[in-house]
Every structure is written in structure tokens, then in C-alpha cells.
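Below you'll find the structure, written out as C-alpha cells, and then a few comments.
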There are 2 protein chains.
Amino acid sequence: MAVMARPARISQTKLAKDLGVSQALVSLVLNGRREGINADTYKRIWDHAISLGYQPKGMRMERSPREARMRQVGVVLRSGLNIHTQGSYFNHVLHGLHSALAERGYATLFLGSEDDLKPNRLRQLFHTGHGIQGLVLFGEVRGAFLQQLKRIEPRVVAVSARHTGRCHSVLGNEPQALETLVQHLAKLGHTRIGWLGGNVGLGRHEARYQAYQAALQAAGLTDDKRYAVFLKQGDRAEGTEAMLQLLPLRTRKDFPTAFLTYNLHMSIGAVQALLRSGLNVPGDVSVAAADYSPLAQQEQPRITAAGCEAEKLGQAAARLVLTATGEADESFHDVILPSQLYVGESTGPAR
Amino acid sequence: MAVMARPARISQTKLAKDLGVSQALVSLVLNGRREGINADTYKRIWDHAISLGYQPKGMRMERSPREARMRQVGVVLRSGLNIHTQGSYFNHVLHGLHSALAERGYATLFLGSEDDLKPNRLRQLFHTGHGIQGLVLFGEVRGAFLQQLKRIEPRVVAVSARHTGRCHSVLGNEPQALETLVQHLAKLGHTRIGWLGGNVGLGRHEARYQAYQAALQAAGLTDDKRYAVFLKQGDRAEGTEAMLQLLPLRTRKDFPTAFLTYNLHMSIGAVQALLRSGLNVPGDVSVAAADYSPLAQQEQPRITAAGCEAEKLGQAAARLVLTATGEADESFHDVILPSQLYVGESTGPAR
DNA sequence: CAGTTTGGCTAATAATTATTAAATGCCAAG
DNA sequence: CTTGGCATTTAATAATTATTAGCCAAACTG
């Protein structure tokens, strides 16, 4: 990581001495002269200059007026996520982030996912002269990876994940969302509410599941583990699969009359499974999702959902990353945005 | 656009003379020294240095070895498009683009849409030291805007749009897609096929509509304008609206037994409208889309669609932008990727 | 009014970098 | 072994940039 550290400034004269060549040759090489210069020597000089972070005298770009400076904020996706999976949730976050950054004169630099960002790749991305002034993480990343990123760029904000004491974060109010949903269903007369979980193993799932359990307790309802399913991806197909796993138990007298799903996509998949099995939504079973995006209103039936608007998460992340100082003694902020209930057509009175 | 031109190199001594100050002061300012310097003078010096494209001697970054250089490709969206509209189509393009760029050591810089990119903003984004080495346009932009972009960065590729003679482009084979769909429906016995159009006014709609008309003719089928609708957005809601506009005509003996829609989202909306009206898809009416994304397989019913895979468009765009030279005499390439038919559950035998 | 302080800038000189004619090393041919 | 040619590098000097003590004018204070 030599290129990341910025020690005392080094001169061409020093470079030349290190390499056993003349300063004149160093100057020629760093200005791109190839003619009459041995290719190996050329490469050796460039490599050494870059590895020692050589910068010429004359101007400190990082001290130029703000409005003249290229400014970018990098976006990093958690492992297993890419720009088109999980449909539109993180796309909405990205839109909110981008809009808020653009208003402040920043561009959004898409860096890829945790899986892609090996040390060589990071070195290249954060090459001398880069304009990256903060990082926004979509979802939860491994602790070691986060440490690595912070060494390079200490101004980090996580969205929909919490790395307590390690970086800033922005989340929706999960307990509020689950509580609101449970109350909505209780008001409709539901006394047995099942759970369809996805992204199991991520903190986000844990948080939502615990909030579901707490909301059941607060409403005086039973938390029956026989009607909870836990899957890995949290996509539509798993919503369908989770529902299909439970449907054989439907003849039981205590089968749930409603299900809450980890996210909107699982709700969509669960609804599809129910309809395909000849059941009525919400007539026979109600389904609701523990997050919200505009897709909820576009589906058929419209899906009842509670959560924070994804765009607002992105906007809040932009504000936070741009006020972050990256100092060692900086206080970390967790911003918890309020959740709201959207009542669609997927929930109705209990049978 | 003075910052874009790169004339003869200018020295601090020349800057000082222009401004009527000493070279010493210029050096201090450009290295960020504020103490003992008047704020107006500080700004005046920086502004002049930047406007003349001052760069210190010592190193020509643009001549550094390729692998050591920060390299980015900028993504620009057509007017009215943002990262979360039109669901996943351009997200899949972006994913394909990003993956192919990352393999070659490039990062993807999200620049926003045509509406956002005013001259001041462009100047900032393309500030001295930027690493942008090409631009990819998603969708069709205005001609004047394209000219403006090319002045800044001549290596431009348009995706799903063709600016003939102005830049490179990557498109799916629209005639092939429409032909395939019409043939598929003809084989199922359909003799009357309607059209639901979106993004009317964009070249993309025109191309698809014309290809639809040509395919009807080639199949010896009638192109009946009474059963064609033309709307502006091309989203789900307009798919629904277009279908609902035509449904009152359903009692006619020559009402179409199938519809082709401009894109997948309109198909989804049209199917929703039919189901909501008590009709059967594909029993009563078949619906198919003139583009393809994996969403076609996730819907209920799965939607029959033909088109090029969006990710492949992105990958082809990456290859093209990285081989572009930006020279004034460069030949422009239009790359037309083959379309494929995905048969879902939304098409079946004609009634 | 005179002396002191402060803010802003510069002349002078040192350090860094650029340029070019000349030097050096290597290899092949005689 | 010597010589010539070519490829590569450098010594010397010019140009550019950095640093700092000093300069000057305006404002303040007694």
C-alpha cells in the first residue's frame, strides 16, 4: 500500500539516486519520452516513481478551490449483490444517493462489489490524483474488508447495514416497520402471522426477524417457529419456495392467516405461489413485506409493505458521507429513518 | 471550455506576469498557502491557473504505464431516464458494462442524465486530471448534447440508440426480434396482431414499430391502425392504459387475438389490465414484448419476449468504447447483436 | 505626530526539473 | 585487435518552482 501513504515529498533527484540513473533520464521518462530509452529502464523508473508516490512540485491539487476539483463518491456493493439483483431496492437507493451528490457537485463512481475489490484493484482505483471523497456501502460487508477500505478512504457510510463503531450508517427503522405491519394485521383480526426470511446470516435479516418477534410479543400474539422459513437469497423465487414449503401444512387449524416476508420480492414470490395453488390473496392468506419500494404499488395485487423509502436512504447517505471528516477521533453516526406503512391489496381480514 | 483545450504548457512565471503578482506568490497559492494571503488574490490566482490549464512540470500522468493509471468510463442517461425507471433493462446493461470494464481495469463513473449535465457541471467532471477514457450513453440523446460531449471526450458509444455518423452504437437486432415474434404468433394461428407503443418520439420506438409493420407484411398479415396505441413513457402503467383503451373494442369481429408491446414493462401492464378485466392470458388474448430481460421469466404469467440480452449490450459497449480512438477520422461502428425468442406463458393458440 | 503592528506581497536565493550536446558501452565487421 | 555505428545514458546548463527574510503601506495606539 505504498501508493496510499503520502510521506515526505520525493524529488526526481532522489529517485535517480535510488535507481542508479541520472536525474535527466528520470525527467525524460516521467514525461513519456521513449525514443532512445531502453524499455526495461523506462518501466523500472515509472514503477519506482509510482510506488514512492512521486508528485512533481508546482501545485497541490487537493488544495485547489472546492468548485474546481473533481469530486466523486464511490459506491461498493456487498458480496453477492450486483446492480440488477434484488430488483429495484438498491437502485432506488442509488438514485437517491446520486441525485443528492449531484446537487452538491459530486459524481457517483461505481466500484463494484466486495468480491471484485482485491488489493491490486483498490490500488488502481485509488491511484494518485483520484477524486474519491467518500465511500458508500450498499449492504453489509465483511469486517476485514471494511477495515481495508477505511485505510484507503476513511469517510465511509453503510446503507442498510450497521457496523457499530466502525463507520457511519443509514437504516430504516426496522422495529417500527415490523410493529406497524403486525398492528395492521392484528387490526384485521389476524392472530397467527408467519415469517418468510431471506438473506439469512446478514444482520439485516436478524434485525427484521427480531423486530417481527418483538412486535408479535407486544401484540400478545404467538411466535410459532413451525411457520417460519429461513432462506439465503431473499429473491422472488425464494418467496415462492418458502410459501410452497409451508402450504402442505395448510390443513392444520393453527396455520397462519397472514405472512410477513423479509422483503418485497419475497412477498411477490409468495403471492405468486398462493395464487398458483388456487388460493386467494388476501381472502385466504394475507401477505405483507418488511420493506418498501414503489414496486409495491405496481404489482398485481398491490403489496402491503412497510419501510423507509429507499431513495431517502440514499439521500441521507449522501449527506452523511459529505459531512464525514475521516478523522481518527470522529464520532460515528447511525441515522435511522422513519418507516411508513403502505396498504396495498395483499392484506385483508383474517378468515 | 478553456479548461478542455490543452495549449502550450504555461509556467508559474507566466501566470504571475499575467496577474501582476510575483512568481513566489503564485507558487504559495498553488500549494495551498492561505496564511498572509488575501482571499481574493488567492482565488484570482487559482482561477487563472485552472482556466489556463496550468500543470506543473515533472510528470505527464497521461503517459504513465497503463496499469498504473486511473481509468474510468462515464455513463450518461438519456433525458427522462434515471437509474430506477424502466425497471431492470438498463440496470442489466449497466451490469454487463461494469463487469466488462472491471475485467479490463476500468471503473464505471455514473454521470447522471442529459438533463443534469449543464456546461458548468461538465467542466467540473472533466477537470484536469480526470481519468475518463470514454463515454457510454444509455438511450438516445439530443444531437447538440452529443456534440457537446464529443468535444470533451470523443470516444462515445450509444446503447439502444443510433446517432448515425456521430458516434459508435450497440443495438439489438430489432427487425429480427419483431420478425421472430410475429412468426411465433402466426404459427400459433394469430392473424390479427395489435401494437402497444411507448417512448413515442424516440428513434427506438420508431425502429421497433417499423420492424413490427414490416414483419406483419412479410407474414402476409394486416397492419390495422385501429388496434395500435402510442404512448409516451413506455412503463407498466402505460401498458395497462393502452390495453384498457382498446378493450372497449373487443366485441368487434376483427379485434386482435394478440398484441405486441414496445417493451417488457408494457407487456406486464397489459397482462395486468386483461386479467383485471376478467380475461384470460393467453386463452383470450396473447401478449408479447419486443425486448427481453430476465424479468420476463419472473413474472406471472411468464412473458413471451424477443430481444437481445441487455447484459450483452453492456458488454459490447464496453469493448467498443475501449477500442475507440476518438480521432477525427475514426470510422464509426454500429454493432447489432442478435435477438432471441423467449417463449413464456403469455402467448398461446389464437381463439 | 511618531512609533508599532499587521497584512500582504516580493526579491533573492535554493531546490527541482528540462533540455541537449556529448559521453559511454556494446556489438559486429574488417 | 581496432574501428565504426548504434543504442542508451549523462554532465552541464537553462528553465521552473520553493522558501524565507525583508519590504511597504495602512491602520492603530499612546
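Note on naming: letters A, B, ... go to the chains in the order of the sequence lines (proteins, then strands), and numbering restarts at 1 for each one. Computation of the quantities below employed the complete heavy-atom set of this structure, encompassing side-chain atoms and omitting hydrogens, waters and symmetry-equivalent molecules.
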Practice problem: Taking atom types as modelled, find out whether B:Gln72 and A:Gln72 have a side-chain donor-acceptor pair closer than 3.5 angstrom. | Solution: yes
Quiz item: Between D:dT8, C:dC9, D:dT17, which nucleotide has the shortest distance from any of its atoms to the side chain of B:Gln12?
Solution: D:dT17
Quiz item: So which of residues 15-25 of chain B are in contact with DNA chain D, with a heavy-atom cut-off of under 4.0 Å?
Solution: B:Gln23, B:Ala24
Practice problem: Hey, which sits more toward the 5' end of DNA chain C by its nearest nucleotide, B:Lys57 or B:Tyr42? | Solution: B:Tyr42
Practice problem: Tell me what A:Ser11 touches on the nucleic acid: a base, only sugar-phosphate, or nothing, going by heavy atoms under 4.0 Å. | Solution: sugar-phosphate
Quiz prompt | Side-chain N,O (B:Thr41) to OP1/OP2 (C:dC9) below 4.0 Å | solution = yes
Quiz item: Taking the six-membered ring of A:Phe138 as reference, does the NZ or CZ atom of A:Arg78 fall below 6.0 Å from its centre and within a 45° cone about the axis?
Solution: no
Quiz item: Any luck finding a side-chain donor-acceptor pair between B:Arg166 and B:Gln147 under 3.5 Å?
Solution: yes
Quiz item: What's the CZ-P distance between B:Arg44 and C:dG8, to the nearest Å?
Solution: 13 Å
Quiz item: Heavy atoms under 4.0 Å, any strand shown: does A:Gly36 hit a base, just sugar-phosphate, or nothing?
Solution: base
Practice problem: Could you check how far CZ of B:Arg60 sits from P of D:dT16, rounded to whole Å? | Solution: 13 Å
Quiz prompt | Nearest-0.5 Å distance that lies between atom CG in A:Leu94 and atom CG in A:Leu77 | solution = 8.5 Å
Quiz item: Among all residues two or more places apart in sequence or in another chain, which pass the ring pair (Phe, Tyr, Trp, His ring centres under 6.0 Å) test with B:Phe332?
Solution: B:His168
